[in-house]
Amino acid sequence: MLRLRLMPAIILSVVLGLAASLALTAAPPQAKSAAAEVDPHKAFGSKSAPVTMEVFSDFQCPACRTLYMTIWRQLLDDYVSTGKVYLIHRDFPLPMHAHSRVAAQYASAAARLGKYEQVERVLFENQDSWAASGDIDGTVAKVLTPAQMVKVRALVKGGALDEAIEKDIALGHFYNVSQTPTTVFFANGQTYPYGGVMSYDILRQFLNQLLNQK
Amino acid sequence: MMQSFPLNLRRSIIWLGRLVLAAIFIYAGYAKIFLPTMHPRPPVALALSFFAMQVDSYQMLPPWGVNFVAHTLPFAEIALGLLLLLGWRLRIWASLATLIMLGFFVVVVRSYALGLSINCGCFANPEPLTIKTVFRDGLLLALSLAMTVLAFLEARSPHPWSEKSYRT
C-alpha cells in the first residue's frame, strides 16, 4: 500500500531531476542590445540608467492606450527624469488594426521634428475617433503647425520611415512579442518580458526591486 | 482476482492525476520563485515582484491582493504538489487542487473572453494567454476533478494490499 502510494513520488523525482538538468543547460534568452539602434526622439531618459524599458506598442491598441494614460506620466516623472530608467518606444503595429501602421508612421515622422511626445499623446487621447474614421492626419494636425505638418506628410509619403518600423517589429519578434503592449525590462544583463497593462504601484515595486538588485 | 490487482482503472487515474498535477504544481511554483530560464538567477524577492506584475495584468485584484497572491501562491503550489505526491490525506489535497484549478480556469476564461492581451504567468515565462491556455487549464481541471471524485470513491472500499483486505 505504502509502496504504491509513494510510486508517483519516486517517478516524479526522476522526471523533475531530468527536467531541472535540461532547464539549467538550456540557452538563456539573451538581451540583444537594449539600447542599440534607438531612435533618440522616441527614447526618454539617460542611456546609462540602470534599468531599460522597451515598450512594444500599437497606437490603435486599447490596452496600449490604457498603459499610456495610466502610468506614462508618473513613470517619466519618478524614474525617467531621475535617471533610473531609460524608456524606449518601439512600434509594433498589429496587422488586425487597419490604421496602426499609418499612425506609427506619423508618430515617427513627428519624432524627426522633435514632436514625438505631443503626437503620441494626441494619438492615444483620440484613439477612438481616428480608429473609426482613419483620420490620422487631422488628429496629428491638432498639435503641429501647418509647416510641421507639411514636413510630416512628406516624410510619411517618402516611405523611409517603414524601415525603422520594420526594425522595431523584427526586434519584437526576437523577443517573441506577439501582443501589445509588451514591455521588455533590462537590468543587470537580465531580460524580463512582460505582456499587458500593469498598475503603477505594482510596476514601481518591480522597478525598485530591479534598482536594488546587486 | 481482478479485485486484488492493485492498479485498476480507478487507481490508475488517481495515480496519473497525482503524478501530473504534482509535477505541474511543483514546477509552476519553482519557476515563479526562481525564474530558472534566467542566468544568473535573480533574487527571490525580484522574481516574486515580477510575478506580482503578471498577477496584476489580470486586472482582478487591488495591489494588496496582487501582492498577497504573488507572495503565497508559488509556495502553496509547491506544498500542494508535494502533498499530492505523498498521497497523505489525499482527499483533502485533491479537493484543494481541484478548487485551485477551478480558480485558474475561471480566471483564464474570463481574461480570454475579455480579450486581454496578457501573458498567462502560469510558469513565469512570457507565454501569451490564448485558447490553448484555456483548453490546457480545462483539461487539468477535468483531471483534477476526476482524481478527487475517484479518491473519494476509492476511500469507500479497502485497498487490496491493505491489512483489512488480507484478513477478509
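So you know, we letter chains A, B, ... as the sequences are listed, proteins then strands, and number each from 1. Everything numeric here is computed off the predicted structure, so don't read it as measured data.
For a residue to count as touching a neighbouring chain, one of its non-hydrogen atoms must lie under 4.5 Å from one of that chain's; by this rule A:S178 touches chain B with the side chain only. Of the two parts of B:L116, neither the backbone nor the side chain holds a non-hydrogen atom closer than 4.5 Å to a non-hydrogen atom of chain A. Of the atoms belonging to B:L35, it is side-chain heavy atoms, and not backbone ones, that fall under 4.5 Å from chain A. With a 4.5 Å cut-off on non-hydrogen atoms, A:D201 touches chain B through its side chain but not through its backbone. For chain B, no part of A:T182 is nearby; none of its heavy atoms comes within less than 4.5 Å.
Taking the six-membered ring where the residue is Trp, A:F185 and A:F206 present perpendicular rings, their angle passing 60° and hence far from 30°.
For B:E154 and B:R91, the salt-bridge test fails: no basic side-chain N is under 4.0 Å from an acidic carboxylate O. In summary, A:R101 and A:E166 engage in a salt bridge, as defined by a charged side-chain N under 4.0 Å from a carboxylate O.
Using modelled atom types, no side-chain atom of B:S49 and backbone atom of A:Q209 make a donor-acceptor pair closer than 3.5 Å.
Most heavy-atom pairs under 4.5 Å with chain A: of the set B:P126, B:G121, B:P42, this distinction falls to B:P42.
Minimum interatomic distance between A:P193 and B:N119 (heavy atoms only, all atoms of both residues): O-ND2, 4.1 Å.
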